[in-house]
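Report on the following structure.
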Amino acid sequence: MSGLVIDLAAIQANWQALAGLAPDARAGAVVKADAYGLGADRVAPALYEAGARDFFVALAAEGRAIRPLLADDAQIFVLSGHMEGEDLSGLIPLLNSPEQFFRDRALRPRGPFGIQLDTGMNRLGLEPGEWAAIRGEALAAGPRLVMSHLACADEPEHAANAAQLAAFRAMTGGVDAPRSLAATGGVLLGPDFHFDLIRAGIGMYGGLPFADAKPVVTLSLPVIQTREVRPGEGVGYGYSWTAQRPSRIATVAAGYADGLARALARQGELKLWCGTRACPVIGRISMDLITVDVTDLPDVPKDLAILNAAQGVDALADLSGTIGYEILTSLGHRYTRTYL
Ligand SMILES: *Cc1c(COP(=O)(O)O)cnc(C)c1O
């Protein structure tokens, strides 16, 4: 199928697989940044249907967008907490600072909230001293969740994992509220990290570090035209590629404006696929177009795949020195989208 094909059943299966790795915890689902670019309006209801009841977004606006799509028993946690002026009805801010805590309690004294602790990442959350100062008041008000986030969970041997675990235990000893420390990487670190709720993200979407994930996206790009070029002729901006033999070049409809970074082609190793046959991308990736050497194909197909079983999001990420998360969240909105 051409365009961007998003396999909702694979997302559900990956969520279930991660949940199965943490059988004593509830499995939450992180659907921030439009469900990692794949469409929160489709992904969140599919995960609800699979059994998820705890959802995480980065911004209140993202939470408001999915709130009407989920039944009332779904909790939607907002990782940025209670930002000034934000409408949090139907949402649960994860309060990050004493300032957010006092603002939230003043403005929504009965509103549900959670607490985000900093156990060493130094990005978001209450530091130990700040937590000690408000802990009594916060716990008396019944937080829905007390959570923290791991900085190095994708490196199992990293000393920060044990240090953050110890810090989280020290900060949450005696807390009755549900506790959460693990995202995808943390789930894979083992049961010590699971606590009461896991926050599955990239693994659901088919990305590392969940090596056993089912692939979720395929992406094929329509061929707009093909042409024959003679030896010595250049192709594309800067003539960065010159034909060495009589060549057939296909031009496909996608470029860096669609999340396919110019850097993907820099090493000359990017391939587009016709079934199981790899065709080298040649020349520069431009805003809306990519050129491919299809000389060795018997026929030029209607479209060529850039994400498929042979070349997943992490393989693509490696080519441009990034991570699967960034490939997914960059994909953009010009592709024809099909949900399976
Ligand atoms: C993004 C995020 C997650 C999900 O992380 P993955 O690595 O994608 O599983 C979980 N918790 C927090 C606080 C996050 O910011």
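Atoms within a ligand are numbered from 1 in the order they appear, just like the ligands themselves.
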Shortest protein contact, [atom] (heavy atom only):
atom: atom 14 (C) of ligand 1; result: Lys32 NZ, 2.9 Å
atom: atom 4 (C) of ligand 1; result: Tyr36 OH, 3.3 Å
atom: atom 5 (O) of ligand 1; result: Ala183 CB, 3.3 Å

Where on [X] is there a heavy atom closer than 4.0 Å to ligand 1, on the side chain, on the backbone, on both, or on neither?
X: Leu79; result: side chain
X: Tyr325; result: side chain
X: Ile202; result: both
X: Met204; result: neither

- Heavy atom of Met121 under 4.0 Å from ligand 1? no
- Would you say ligand 1 has an N or O under 3.5 Å from any N or O of Gly201? yes
- Message: If you measure every N or O of Gln116 against every N or O of ligand 1, does any of those distances drop under 3.5 Å?
- Response: no
Ignoring hydrogens and angles, tell me if any N or O in the side chain of [X] forms a donor-acceptor pair with the backbone of [Y] under 3.5 Å.
X: Arg199; Y: Phe56; answer: no
X: Thr242; Y: Glu233; answer: no
X: Arg64; Y: Pro68; answer: no

- Message: Looking only at the aromatic ring of each residue, does the gap between the centers of Phe168 and Phe195 stay below 6.0 angstrom?
- Response: yes
- Message: Looking at Tyr237, I'd like to know if the NZ or CZ of Arg284 sits under 6.0 Å from its six-membered ring centre while staying within 45 degrees of the ring's axis.
- Response: no
- Salt bridge between Arg245 and Asp293, side-chain N to carboxylate O under 4.0 Å? yes
